[in-house]
J.: 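I'd like to ask you about the structure that follows.
So that the names make sense, note that chain A is the first sequence line, chain B the second, and so on, each numbered from 1. If you're wondering where the values come from, they're calculated on a predicted model, not measured in any experiment.
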2 protein chains.
Amino acid sequence: MSETLSHKEALQHSGLKNTKQRSAILNILEKATQPLNADQIYLALVTEKVAINLSTVYRVLNTLAEKELIIKTSSVSDNKALFERNDFKHQHHLVCVECKEIILVDECPFEEYEKKLNEKIGFTILGHQLEIYGICDKCQKRIEEENKRSI
Amino acid sequence: MSETLSHKEALQHSGLKNTKQRSAILNILEKATQPLNADQIYLALVTEKVAINLSTVYRVLNTLAEKELIIKTSSVSDNKALFERNDFKHQHHLVCVECKEIILVDECPFEEYEKKLNEKIGFTILGHQLEIYGICDKCQKRIEEENKRSI
DNA sequence: ATGCAAATGCAAATCATTATCATTTGGAGG
DNA sequence: CCTCCAAATGATAATGATTTGCATTTGCAT
């Protein structure tokens, strides 16, 4: 299976052993459509009958994030760290305040902006993290329906 | 003192009592040059001889954030919530990865970007949160000095 | 001045995460 | 294929960040 082969290579390349637990966690994040917290990942593993300790989940996640195989982010609305696969694509999160779903988008408006900041403040930019809040298409439609019904 | 008068009015306007603790916390955040976590706020209050319980600090911060008198943010590098005054100005954080200082900037590149997202994905944007990582001017100079010395 | 609901102090509890140590495992090397 | 050992894990305890419950205090309307 070429997916686990690339995990094995990625782990090797990072000087990490290819353990069942690490591979399983990378698989979970590979399949996920949005960033997950440690507990969600743990539950997904349990659901797939992978024997693992929650403390190991935390340790593995932090290790993989340190090696940049995955990305650790956070969310203002939660007091929990979030993790997502690192495709080495540059993406941002759209967070629906209704259903809490996170939509990943590729567009980024920063090139010009970062140049401007560098010139103006002398700040050497290494990266950024952007979360956009709003309401997704689905929830907008649902809310419109509900508004119609309440008339 | 017109500062505490405006706090009193802001609290009243939000349906909250004007307690010593709330006023003191708003003052701390008013004076701060960057977002602070609960422990930093608690220590600043203690330093100013304000008698308060840490659990009250948490409670007051969450109450004020709920009423949008202050803003609750988070930082990926910490497992701690951050709080800052809400000037109703639109600002972003530049985070120096060296000294951890947070610099507030007014510039925002989002108008065009948000229009584009709305058209493309049908996402109704209500707001965003942006953290930019890099190295501030001061630390760049210090690092250059150190590099010169190590030759 | 009074009374009452909101707010606070305090301590305990909960939640999210990390540390410690005994045991297991991946994989290099022979 | 076997051995050995350092890395990794399981299990549990601990820690740090935050929240909760309840008795008491306080802001403020009357």
Side-chain angles (χ1 to χ4, degrees), chain A residues 4-5 7-28 35-46 48-67 69-70 72-83, chain B residues 4-5 7-28 35-46 48-67 69-70 72-83:
Chain A
T4 41
L5 203 70
H7 288 167
K8 186 179 157 81
E9 283 166 354
L11 287 161
Q12 231 158 4
H13 189 263
S14 303
L16 298 175
K17 288 184 175 181
N18 178 32
T19 67
K20 288 198 220 40
Q21 294 83 355
R22 286 173 178 168
S23 195
I25 287 172
L26 287 165
N27 281 338
I28 298 293
L36 302 172
N37 66 46
D39 204 56
Q40 290 172 311
I41 293 165
Y42 176 71
L43 291 175
L45 292 163
V46 162
E48 292 185 8
K49 311 282 190 231
V50 175
I52 193 166
N53 208 265
L54 180 57
S55 60
T56 300
V57 175
Y58 275 101
R59 205 159 24 204
V60 167
L61 288 171
N62 282 316
T63 299
L64 297 176
E66 222 173 270
K67 301 291 185 180
L69 300 180
I70 64 175
K72 183 174 185 176
T73 72
S74 67
S75 173
V76 182
S77 54
D78 253 333
N79 284 336
K80 290 179 175 182
L82 294 174
F83 298 88
Chain B
T4 41
L5 203 70
H7 289 164
K8 185 181 158 81
E9 284 166 356
L11 288 161
Q12 233 159 1
H13 190 264
S14 304
L16 299 174
K17 287 185 175 179
N18 178 29
T19 66
K20 287 198 221 36
Q21 294 84 353
R22 287 172 177 165
S23 196
I25 288 173
L26 285 166
N27 280 338
I28 297 295
L36 301 171
N37 66 45
D39 204 57
Q40 290 172 312
I41 293 166
Y42 175 72
L43 291 175
L45 292 164
V46 162
E48 292 186 5
K49 313 281 192 230
V50 174
I52 193 166
N53 207 265
L54 180 58
S55 60
T56 299
V57 174
Y58 276 101
R59 211 161 12 208
V60 167
L61 288 170
N62 282 318
T63 300
L64 297 176
E66 225 173 88
K67 301 292 190 183
L69 300 182
I70 65 176
K72 183 174 185 177
T73 72
S74 66
S75 173
V76 181
S77 54
D78 253 333
N79 284 337
K80 290 179 175 183
L82 294 173
F83 298 88

J.: In whole Å, what is the span from the CD1 atom of Ile52(B) to the C1' atom of dT25(D)?
T.: 14 Å
J.: Please state how far atom CZ in Arg22(A) lies from atom P in dA7(D), giving the value in whole angstrom units.
T.: 11 Å
J.: Identify the heavy atoms of Ala65(B) and Lys72(B) that sit nearest to each other, and give their distance.
T.: CB-CB, 4.2 Å
J.: Would a 4.5 Å heavy-atom cut-off, applied to side chains only, mark Leu16(A) and Leu64(A) as touching?
T.: yes
J.: Quickly work out the Asn18(A) CG to dA6(D) C1' distance and round it to whole Å.
T.: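 Taking atom C1' of dA6(D) as the reference, CG of Asn18(A) is at 16 Å.
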J.: Using a 4.5 Å cut-off on heavy atoms from C-beta on, say whether the side chain of Lys17(A) contacts that of Arg22(A).
T.: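 Arg22(A) vs Lys17(A): side chains touch.
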J.: Between Ile25(B) and Ile70(B), is there a side-chain heavy-atom distance shorter than 4.5 Å?
T.: no
J.: Between atom CD1 in Ile25(B) and atom C1' in dA7(C), what is the gap in whole Å?
T.: 12 Å
J.: Measure from NZ on Lys67(A) to C1' on dA8(D) and round the result to the nearest Å.
T.: 14 Å
J.: Could you work out which one of dA6(D), dG9(C), dT18(D) sits closest to the side chain of Asn79(A)?
T.: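 Looking only at side-chain atoms, Asn79(A) lies closest to dT18(D).
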J.: Do any of residues 53-63 of chain A sit with a heavy atom less than 4.0 Å from DNA chain D, and if so which?
T.: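 Contacting residues: Asn53(A), Ser55(A), Thr56(A), Arg59(A), Val60(A).
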J.: How about Asn27(A) and His7(A): do any of their side-chain heavy atoms sit closer than 4.5 Å?
T.: yes
J.: Is there a side-chain contact between Leu11(B) and Leu26(B) (heavy atoms, below 4.5 Å)?
T.: yes
J.: Would you mind reporting whether Ile52(B) and Lys20(B) have side-chain heavy atoms less than 4.5 Å apart?
T.: no
J.: Using the rule given for side-chain contact (heavy atoms from CB on, under 4.5 Å), can you reason through Thr63(A) versus Leu69(A), listing the C-alpha separation, both sets of side-chain angles and the distance that settles it, and then say yes or no?
T.: CA-CA 9 Å; Thr63(A) 299; Leu69(A) 300 180; over 6 Å; no
J.: What is the distance, to the nearest angstrom, from the CG atom on Leu16(A) to the C1' atom on dA8(D)?
T.: 10 Å
J.: Work out which heavy atom in Ile41(B) is nearest to a heavy atom in Phe83(B); give both atom names and the distance.
T.: CD1-CB, 4.3 Å
J.: Rounded to whole angstroms, how far apart are CG on Leu11(B) and C1' on dT8(C)?
T.: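 Going from CG in Leu11(B) over to C1' in dT8(C) covers 15 Å.
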J.: Between dA7(C), dG26(C), dG10(D), which nucleotide gets closest to the side-chain atoms of Gln21(A)?
T.: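 Nearest to the side-chain atoms of Gln21(A), counting from C-beta on, is dG10(D).
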J.: Nearest of dA5(C), dG27(C), dT18(D) to any side-chain atom of Lys17(B)?
T.: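 Selected nucleotide: dA5(C).
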J.: Could you state the CD-C1' distance from Gln40(A) to dA16(C), rounded to the nearest angstrom?
T.: 14 Å
J.: Would you say Lys20(A) reaches dG26(C)'s phosphate, i.e. side-chain N/O to OP1/OP2 under 4.0 Å?
T.: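 So the side chain of Lys20(A) is within the cut-off, an N or O lying under 4.0 Å from OP1 or OP2 of dG26(C).
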J.: Using Watson-Crick and G-U wobble pairs with both distances under 3.5 Å, what is the 5'-to-3' dot-bracket string of DNA chain D, with [ ] for crossing pairs and | for pairs outside the strand?
T.: ||||||||||||||||||||||||||||||
